[in-house]
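Residue numbering restarts at 1 for every chain, and letters A, B, ... go by the order of the sequence lines.
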Protein chains: 2
Amino acid sequence: MNDRLGDDPELDEEARAPGARTIRDVARLAGVSIGTASKALNANGRLSAKTRAKVLKVAEELDYRPNNLAQSLHRARSMTVGILSNDNYGRFTFPIVAALERRLFDSGIAVFMCNATDDPARERRHIDQLLRKRVDGLIVTARRADRREPIEPAARGLPVVYVFARVDNPDALCLLPDDEGGARLAVEHLARLGRKRIAHITGPEHFEAVRLREKGFRAALASAGLAAPPGACRSGRWSEEWGREAVRDLFARPAAAPDALFCGNDQIARGALDALNEIGLSVPGDVAVVGFDNWEVMTSGARPPLTSVDMNLDALGTAAGDALLQMMAGSKLCGVSRLPCSLVVRASCGAIL
Amino acid sequence: MNDRLGDDPELDEEARAPGARTIRDVARLAGVSIGTASKALNANGRLSAKTRAKVLKVAEELDYRPNNLAQSLHRARSMTVGILSNDNYGRFTFPIVAALERRLFDSGIAVFMCNATDDPARERRHIDQLLRKRVDGLIVTARRADRREPIEPAARGLPVVYVFARVDNPDALCLLPDDEGGARLAVEHLARLGRKRIAHITGPEHFEAVRLREKGFRAALASAGLAAPPGACRSGRWSEEWGREAVRDLFARPAAAPDALFCGNDQIARGALDALNEIGLSVPGDVAVVGFDNWEVMTSGARPPLTSVDMNLDALGTAAGDALLQMMAGSKLCGVSRLPCSLVVRASCGAIL
DNA sequence: CTGAAAGCGCTAACAA
DNA sequence: TTGTTAGCGCTTTCAG
């Protein structure tokens, strides 16, 4: 890197200043004062069209970019926010973060990405760093919507949005998918297609999402006038293997076998499909299957392609961005808000495509 | 939000200043000058232990955090870098970014995450924003390592690292997985296990990775003294469906059928496994199968669990962080650097586990 | 050992 | 309409 070339004004403009141009450079070259240059660049005070044009032209030629750091120092707004994530795989976080980042970028604010892989000490250091950087807001994301501790009180006064994450503090704003509604969507669809014996194979019960999806499952059965016989709801792991196991078990006595399966995620559904296939049952002929997550790699690889509930993670991300912007503008938002899921129909549920 | 409470020094310390404390607050309460407080906080000049302790105590009590914006303005280093990504799904990007972020955070620098989903105009705006924020460096990531345009010359002088992305500019530093070596690893392993007729089912030829993996495939066959009969390498799509199709085709004439498959990614391998199963061939008994990517959801769902080549994306991310830090410290790095893959052995290749 | 003051790049209030 | 100036919060000489 060049040493500072000092203040020799005779130097070729292109050659000097390896770093960025300042407003002084612009002002000097345009032959106006710094204040005037500032007004021209910010389209602020009254200014003759001629001066403004001249300043803008010089700025353009110099490829001048205002130093946001200096601007922020003055305005006491950094135009940045931090995203704190705990999902070290990123399957759920990534779509949310992508949508969020897009929404915020469109409002001129930039996003610090922080992965605090479930290490509380690391998370604290991240928060500390973000506070030093004077972020205007904070987004907190977790994996799989399990409950977590609220952010350090150090962040008091700073807008915080929890998305795909849940805290108990009633003053906090939490944005989550409507798991119960999503489940209802799936089961209502199956019922509408004439399925009568619908079973539910799902993940570990300690997930709130599992309990809510089961609730939706039962609610939809009830309102369709269908029974939920004991054993119609099996909870296990989030894996294909569990889907296969559960199917072998559920279909052990053919007489009592279901004619439809609503699965807690797409991996379980995928395993279920494979197991049904092995047993010799056809999908959707004998058994209809619906999954949850609408994870493309699972739904499209499955045979037949899998109908699944989509949590609309991008909408969730956008909503989180909107909420944070509102809070940054002064609104006090709080409470738990659940955003609707939607059902993406493919061949596995036997609908007319 | 409170109005400024003005400069009434009688106010209760806790009540005033809803925002962050400044070094003035610390200095005033410690009864020293600002300069002294700064020295104490930065462990800088010579200072009596007593004063230093007093200042630190006050800072602690006030929960003082230096304003990085102001620091950066002075030091002309923002301690931030930008990550520009084009992978809108995140499967490859996420592990890289996570490792990168971790590496950089450990060096005290924060990361702006920018998703420019293949929209050049958007990407330009992102770069512009990052330059205004005076980032100290830039990381560029793409999906699937396809070649891309170098970053605008506007970034001249700014350290840039391309990771999982490839540009032609010889002055640029590109970090990539060693696709060829990874393929060789897989095929050598199969050969060592005694397989003689190894076929390769892979993705679209316009991917450089596909060409490199095929090269590795052929090289390994040659050095194992095995032939690659015509038709032993099939390129198609990156999908399970293609894996099934290719298997049906390859095994149409049982006499000429392969005894091992090296697949270009795990989805293809997964499809291949399913198709082999349907044909009635056992894995790994009749046919051994190896995939590429080591994507957990694919490898562990497969039956039997899938042996696969791991691109070590986290190592790639860490290396990118290291490289960027070096460049930020003044080193000039350039060229294409390929990092080793590794083989993760599971049951599908017939190894002793 | 400590205090005062200049300045990083920019904005906004006030003068001219 | 334009120029001057006082900060934003911090660091760093240079005096005391």
If the cut-off is 4.0 Å, is Gln71(A) near the phosphate of dG9(C), judged by side-chain N/O to OP1 or OP2? no
For a quick test of reading the model: is some side-chain N or O of Asn67(B) closer than 4.0 Å to OP1 or OP2 of dC8(D)? no
Side chain of [X], heavy atoms from C-beta onward: which of [options] has the nearest atom to it?
X	options	result
Ser33(A)	dT1(D), dC10(D), dG3(D)	dG3(D)
Lys39(B)	dG9(C), dT13(D), dC8(C)	dT13(D)
Ser48(B)	dT2(C), dG9(C), dA13(C)	dT2(C)

From CD1 of Ile23(A) over to P of dG7(C), roughly how many Å is that when rounded to an integer? 18 Å
In this structure, how many angstroms lie between the P atom of dT12(D) and the CG atom of Leu41(B), rounded? 12 Å
Between Ala70(A) and Thr51(B), which is nearer to the 5' end of DNA chain C once each is assigned its nearest nucleotide? Thr51(B)
Of Gly31(B) and Arg134(B), whose nearest nucleotide on DNA chain C comes first from the 5' end? Gly31(B)
Please work out if [X] contacts a base, only the sugar-phosphate, or nothing of the nucleic acid, heavy-atom cut-off 4.0 Å.
X	result
Ser72(A)	nothing
Ser38(B)	base
Leu69(B)	nothing

Determine whether any donor atom in the side chain of His74(A) lies under 3.5 Å from an acceptor atom in the base of dG7(D), or the reverse, and answer yes or no. yes
What's the shortest heavy-atom distance between Ala172(B) and Val167(B), and which atoms? CB-CG2, 3.5 Å
Parallel, tilted or perpendicular for Phe94(B) and Phe94(A), by the 30°/60° rule? perpendicular
